[in-house]
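In what follows, a structure is listed as structure tokens, so that the remarks can point back to it.
Here is how names work: the chains are called A, B, and so on, in the same order as the sequence lines, proteins then strands, and each is numbered from 1. None of these values were measured; they are calculated from a predicted model.
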4 protein chains.
Amino acid sequence: MEAAIAVFGEHGFRAATLEEVARRAGVSKGTVYLYFTSKEDLFRAMVEKKIVPLIEAGEASVRDHVGTSADLLHQLMCRLWERIARPDMVHLARVMQAELNHFPELKRLYFEQVIQRQRRLLRTIAERGVAAGEFRPEAITLVPMMVPSLILHLNQYRFLFGDLDRGLPTSDATRELVFSLVLDGIRTPSRVPRGKKG
Amino acid sequence: MEAAIAVFGEHGFRAATLEEVARRAGVSKGTVYLYFTSKEDLFRAMVEKKIVPLIEAGEASVRDHVGTSADLLHQLMCRLWERIARPDMVHLARVMQAELNHFPELKRLYFEQVIQRQRRLLRTIAERGVAAGEFRPEAITLVPMMVPSLILHLNQYRFLFGDLDRGLPTSDATRELVFSLVLDGIRTPSRVPRGKKG
Amino acid sequence: MEAAIAVFGEHGFRAATLEEVARRAGVSKGTVYLYFTSKEDLFRAMVEKKIVPLIEAGEASVRDHVGTSADLLHQLMCRLWERIARPDMVHLARVMQAELNHFPELKRLYFEQVIQRQRRLLRTIAERGVAAGEFRPEAITLVPMMVPSLILHLNQYRFLFGDLDRGLPTSDATRELVFSLVLDGIRTPSRVPRGKKG
Amino acid sequence: MEAAIAVFGEHGFRAATLEEVARRAGVSKGTVYLYFTSKEDLFRAMVEKKIVPLIEAGEASVRDHVGTSADLLHQLMCRLWERIARPDMVHLARVMQAELNHFPELKRLYFEQVIQRQRRLLRTIAERGVAAGEFRPEAITLVPMMVPSLILHLNQYRFLFGDLDRGLPTSDATRELVFSLVLDGIRTPSRVPRGKKG
DNA sequence: CATGAATGAGGTTTCATTCAT
DNA sequence: AATGAATGAAACCTCATTCAT
């Protein structure tokens with residue numbers, strides 16, 4: 001039923017009609033009101049349904065990770081990228097950016113349960129890297145701020161202008177570029193001159 | 001009259017009513033139709049009015065710049081930031097991301113006249129830096145992709161969650177963080193260990 | 001529901017308001033749109049609903065008629081008159097004359113399915129009369145052209161100026177006058193001088 | 001200025017816009033209101049302007065006519081036909097049929113000054129023909145009723161369906177058919193068998 | 001005289017929401 | 001539990017009419 005999330009994603013909150021939601025869900029318009037008290041309520045429920053998995057995306061792995069912090073960061077970025085680089089998520093992000101200001105509780109929920117947790121997770125990794133002498137101290141500020149921004153926006157860009165922009169790197173290549181940029185920005189300078197690195 | 005751009009910025013295209021646009025403009029509903037043939041037309045005109053200045057924002061300065069490429073990049077980023085970090089521009093960017101898919105000509109216009117030009121400008125700077133041995137070759141790919149993304153999204157974040165996120169750095173501080181991240185990611189490794197730099 | 005045809009008949013297409021149509025139908029404005037996609041669609045549907053019976057008004061009777069062709073013609077004219085001399089039909093004819101040019105498909109439908117069929121029917125009768133030596137050859141041209149014209153226009157006249165024109169003959173008397181005029185115009189001259197006829 | 005009568009003719013009263021009237025007249029919308037107090041007033045004025053010539057179309061000729069009454073009738077029918085078989089007149093007739101019920105004074109004016117005079121004129125001719133033994137007494141009823149009906153409606157038919165109806169006789173031929181039909185219907189039977197006539 | 005910018009009532013159309021079945 | 005016909009408020013848009021210039 002709620003799989004008719006697509007409608008909000010395609011048209012946005014205002015332009016989406018319950019008619020279409022109901023049709024795609026294979027039920028009648030009236031039936032929607034048996035489960036949701038209003039269009040806003042449906043929207044809220046839809047967002048929450050998509051957010052919950054984001055919330056639950058495990059923080060555990062960070063705690064007992066072995067290996068370099070760079071590896072750990074890479075691993076997390078890959079997981080985030082994977083989750084966000086899907087049409088429904090990009091759509092959701094777009095709609096949320098457009099509508100969240102009209103749904104204060106939803107906004108707070110999203111901020112506290114998704115954004116903040118994600119940033120905290122990223123900060124934890126950064127802190128560990130700094131503690132290990134792997135990252136410079138700036139990492140603690142940089143990583144939680146830049147990583148989500150880049151991941152989100154580059155994917156939105158791809159979906160919005162992908163048809164017009166010839167020569168856009170693949171999604172995976174883009175992800176690796178982001179990773180290397182961030183890593184360059186935070187890693188402690190090695191003795192070895194960079195030229196030799198690769 | 002077009003100062004009623006705010007309405008689209010606040011509500012988006014669908015939710016904005018001509019009634020409110022007219023009221024804020026201090027005219028009657030009918031008057032709007034003397035200048036624009038439809039709501040879509042008004043939207044188009046509004047976007048174009050805001051886009052044209054972006055287009056015209058000079059590319060000349062790049063040509064006859066003296067000083068390091070890093071300085072030049074910093075200078076350009078400051079100008080971009082300045083232009084984007086204003087409420088109306090952030091709103092415009094949000095609405096455009098939400099609606100541009102429904103206005104193909106507008107989308108193309110925006111892409112060709114704003115996005116592509118901006119990227120070309122950034123690439124020119126990157127190329128010059130590479131030629132001068134100041135930047136690594138990756139800069140040519142990295143700069144045009146990451147810089148606009150970061151500038152745009154970090155500002156949108158500030159406007160969307162600024163009220164909830166305690167401890168957000170100031171706008172200028174954020175800008176400098178972006179700059180230093182990018183610079184770290186592209187500059188050729190100097191002999192001098194980084195510790196001495198700052 | 002379609003009984004609210006009256007509104008178009010009274011005011012014409014443009015002047016008729018859906019508000020009034022809905023009110024007379026005893027439903028709300030929105031309900032009309034459950035059954036018709038637009039005002040034009042409602043108009044089309046209304047016209048077609050009134051036209052279909054005209055189309056179906058049988059041509060069979062002509063085939064197996066016994067008696068003089070004059071009798072047959074009289075009989076057909078009576079049937080046509082009867083059908084047209086009703087307020088709703090006169091109204092419909094008036095509105096159609098006013099609006100048909102804006103509805104090309106409707107115009108073609110009306111022409112092919114009503115006008116042409118009617119003329120063909122009348123011509124068949126005329127031809128039979130000519131073949132039987134009862135009518136002069138001119139009948140074949142005259143009858144299909146003049147009969148519908150007279151029937152339609154005299155009835156429209158009655159409805160438009162009936163209140164002002166004292167001394168208008170009754171509807172039936174008018175019909176008989178038309179019949180006798182037409183008959184005089186087409187019948188082969190009998191040996192018997194006309195004076196004796198009446 | 002009032003030559004912008006065409007607009008009412010093309011669109012009807014409701015669909016005609018003062019905007020278009022003004023544009024075609026080469027003046028501004030405001031100017032129209034210097035000469036007419038309202039759209040209705042403009043319509044009234046326009047109708048009256050077209051009606052006055054109809055009224056003035058001489059009755060004198062009838063009084064001092066020499067020749068047969070049939071000739072006189074033919075002459076008058078030709079003049080009527082000529083006047084009506086023009087696009088602007090057909091349009092006017094159509095619009096009037098559609099709108100006259102909403103303009104009672106106009107309707108009365110038209111009826112008394114045009115319709116009745118015309119009928120009186122036709123009756124005078126019929127009476128003279130009867131008195132001269134040329135026409136049968138029925139002519140007095142038939143002529144004023146049938147002649148205007150046929151002239152008006154056949155011309156309207158030509159304008160409405162002329163594009164669809166292949167094989168429509170020319171305007172002049174149609175007029176002569178009408179004349180001969182009417183004449184056949186009213187003339188006293190001659191001794192000479194009809195066969196010899198043509 | 002003439003203009004044309006401005007108005008706002010009124011019309012068509014959409015759609016979230018309700019409710020009898 | 002489910003439906004879908006019905007609603008009516010609200011949106012977009014038109015255009016006859018006014019009025020300052």
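- Below 30°, between 30° and 60°, or above 60°: for D:F103 and D:F13 the angle between ring planes is above 60°, a perpendicular geometry.
- As a whole-Å value, the separation of B:D41 CG from F:dC12 P is 14 Å.
- Not one N or O on the side chain of B:K50 forms a donor-acceptor pair closer than 3.5 Å with the backbone of B:A45.
- No donor-acceptor distance shorter than 3.5 angstrom exists from the side chain of A:K39 to the backbone of A:T17, with no hydrogens or angles considered.
- A donor-acceptor pair under 3.5 Å is absent between the side-chain atoms of D:K29 and the main chain of D:E20, judged by distance alone.
- Atom C1' of nucleotide E:dG10 and atom CD of C:E20 are separated by 14 Å, given to the nearest angstrom.
- For CZ of B:R24, the number of neighbouring non-hydrogen atoms (other residues, nucleotides, ligands) closer than 6.0 Å is greater than 12.
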Show me the donor-acceptor pairs within less than 3.5 Å that the side chains of residues 93-101 of chain A make with the rest of the protein, sequence neighbours left out.
| residue | atom | partner | partner atom | Å |
| --- | --- | --- | --- | --- |
| A:R94 | NH2 | A:G9 | O | 3.3 |
| A:R94 | NH2 | A:H91 | ND1 | 2.6 |
| A:N101 | OD1 | A:K107 | NZ | 3.2 |

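- Contact check, D:Y35 against E:dA2: a side-chain N or O comes under 4.0 Å of OP1 or OP2.
- Paired regions of DNA chain F, where each region holds three or more successive Watson-Crick or G-U pairs whose two hydrogen-bonding distances fall under 3.5 Å, are E:2-21 with F:2-21.
- Side-chain atoms of A:K49 do not come within 3.5 Å of backbone N or O of A:I5 as any donor-acceptor pair.
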Per-nucleotide protein contact along nucleotides 14-21 of chain F, 5' to 3', at a 4.0 Å heavy-atom cut-off (B base, S sugar-phosphate only, - neither), is BSBBB---
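- Separating the NE2 atom of B:H11 from the P atom of F:dA10 is a distance of 15 Å, rounded to the nearest angstrom.
- Straight-line distance from the CG atom of B:L34 to the C1' atom of F:dC13: 12 Å, rounded to whole Å.
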Under the side-chain contact (heavy atoms from CB on, under 4.5 Å) criterion, do C:V47 and C:Y110 qualify, and how do the steps go?
-> CA-CA 9 Å; C:V47 171; C:Y110 180 68; 5.8 Å; no
